[in-house]
Trainee: 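Pasting a structure below so you can have a look.
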Amino acid sequence: MPKYIVTIGLEVHAQLNTKSKMFCTCAVGYGGEPNTQTCPVCLGLPGALPVLNLGAIEKTILTGLMLGCRTPEISKWDRKNYFYPDMPKNYQTTQMDLPLCLGGGVPLYDFAYPKDAQKTIANPGKIVNLTRIHLEEDVGKSTHHDKFTTLDFNRAGTPLMEIVSEPELDSAEEVVAYLNSLRQILIYGGVGDADMEKGQMRADVNISVRPEGQKELGTKIELKNINSMSAIRRAVKAETERQIDVLEGRHPTDKVLVQSTRRWDDDLGETTLMRSKEDAHDYRYFPCPDLIPVKTAPIIERMKPLRPELPHEKCARFEKDFGLTAYDANVLASEQALAAYFEQAVSAAPNAPAKKIANWIINELLGRLNEAAQTITDCTLEPASIGELVALVEAGKISNNQGKEVFGELFANGGKPADIVKAKGFEQVSDTGALEAIVDQIIAGAAEKVAEVKGGNEKALNWFTGQAMKLSGGKANPKLVTEIVRKKVLG
Ligand code: ZN
Ligand code: MN
């Protein structure tokens, strides 16, 4: 049986989170009563004149800076003519030959893969090249009812980036990693929330399959209207299998692969034909006479200082400067706010090892937040408090278990770690003289255990620590006790 090569390219539409729309001053927003955020421009009424939203251009250029794109000196707007049921003027204002961004790439982050696929990543560190990113306007939203269709133009005119990748993705897992990584970067740049469930990010997936050894790509089939990450993964898998079945001649109904657009039915778990695609539509693009081209150099210069440190750059710095494992660095960098929280905790506690602070945040804080269905931005526990708490544990002032109790108290009711330690009477006895007296007392009545320690039984040491804890009412510093017993018994 021949092996098959799967080739996937993605066209992602991502809304920008500007205050106003692309060509008018109507508010951009999710929800809202239908057709309340509209005006003659975004309704596409004849004679209405568009005005460019500079903020949308800036955010697109910032996206280009983050993804390593280049920007033509002059960028311009074009009309894409078509019958658009949800766009009364019947053209979309978009960009054809001089888009804001060309080239660049999206790095696929390990953590962006589906959880169950993170241990078997075929191409770690892969970067998917981009063809281009252009800026255009979103269209209205049609809702189909039994006998009629309603139209809501609140969405019409929302600034939309179309991010086009080269056909370089090899699997459904890479598609998910691409979308998650891209989303993370857009959020880092503050250009959009890219929430697929809210339609803020939408992906068209082009899939083709060819037998190994064949040079030219197989028949290109496009999947449209998939609105969740998990559905995209299922859709790509199912469509890939369908295409291989057709090529192998064992598909029950489809005999040949036809260049077409297909719809994913998540309930049926299969793709169905929407329309077969004649060769590229003749959209009769022409430069928009209402909008002047934009000189990009000054905008690029303005946006350069706003380019944030990206997730993979942050990870590398956390590993290098703080000695974190790649795993921990990835968890912390997965969210900008979480990474900032970690850095604030570290700078508040210069004497506590950053690695330990990372552990407390990842193991304790994220666990609690998760239980409480909260995110790091809801967190009322000050980062400096975690730093102080870790410093207390590391200095041996309180034990690890006591630290966890203090943490619980901090998380629930706030306060200062040192105050809680005092209130709970947790301060450990680290006064060597007092501890030595306790140890002497134990040794005097435990000849057998002393012999065991002398005979090299490490576990017997724990027995001494346990006794010291009992005698001190749980306040003895266990590390110190062990040291003292060693010294006294073994010399
Ligand atoms: Zn408007
Ligand atoms: Mn488009």
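For ligands, and for the atoms within them, numbers begin at 1 and follow the listed sequence.
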Trainee: Run the ring-centre check on Tyr91 versus Tyr283 and record whether the distance is less than 6.0 Å.
Mentor: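 No: the rings miss the under 6.0 Å criterion.
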Trainee: Judged by modelled atom types alone, do Asn53 and Lys19 share a side-chain donor-acceptor pair under 3.5 Å?
Mentor: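 Not at all, the side chains of Asn53 and Lys19 share no donor-acceptor pair under 3.5 Å.
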Trainee: For the residue pair Ile5 and Glu212, what are the closest heavy atoms and their distance?
Mentor: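 The pair with the smallest heavy-atom distance is CD1-CA, 3.9 Å.
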Trainee: With distance as the sole test, does Ser385 use its side chain to make a donor-acceptor pair with the main-chain N or O of Leu381 at under 3.5 Å?
Mentor: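 No: the side chain of Ser385 does not pair with the backbone of Leu381.
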Trainee: Within a radius below 2.8 Å of the Zn ion (ligand 1), how many protein N, O or S atoms are present?
Mentor: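 Protein N, O or S neighbours of the Zn ion (ligand 1) under 2.8 Å, waters not counted, come to 4.
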Trainee: Report yes or no: does Gln214 contribute a side-chain atom to a donor-acceptor pair with the main-chain N or O of Glu216 at less than 3.5 Å?
Mentor: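 Such a contact is found between Gln214 side chain and Glu216 backbone.
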Trainee: Distance alone, cut at 3.5 Å: any donor-acceptor contact between the side chains of Gln259 and Thr219?
Mentor: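 No, Thr219 and Gln259 have no side-chain donor paired with an acceptor closer than 3.5 Å.
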Trainee: Output yes when a side-chain donor or acceptor of Gln184 lies under 3.5 Å from a complementary backbone atom of Ser334, and no otherwise.
Mentor: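 Checked: pair present.
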Trainee: May I ask you to list the protein N, O or S atoms found at less than 2.8 Å from the Mn ion (ligand 2)?
Mentor: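 Metal shell, protein only: His13 NE2, Glu136 OE2, Glu162 OE1.
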Trainee: Please confirm whether the ring centroid of Tyr84 lies under 6.0 Å from the ring centroid of Tyr82.
Mentor: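 Centroid distance Tyr84-Tyr82: below 6.0 Å, so yes.
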Trainee: Do Glu137 and Thr158 pair up side chain to side chain, a donor and an acceptor below 3.5 Å, judged on atom types alone?
Mentor: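 Side-chain D/A pair, Glu137 to Thr158: absent.
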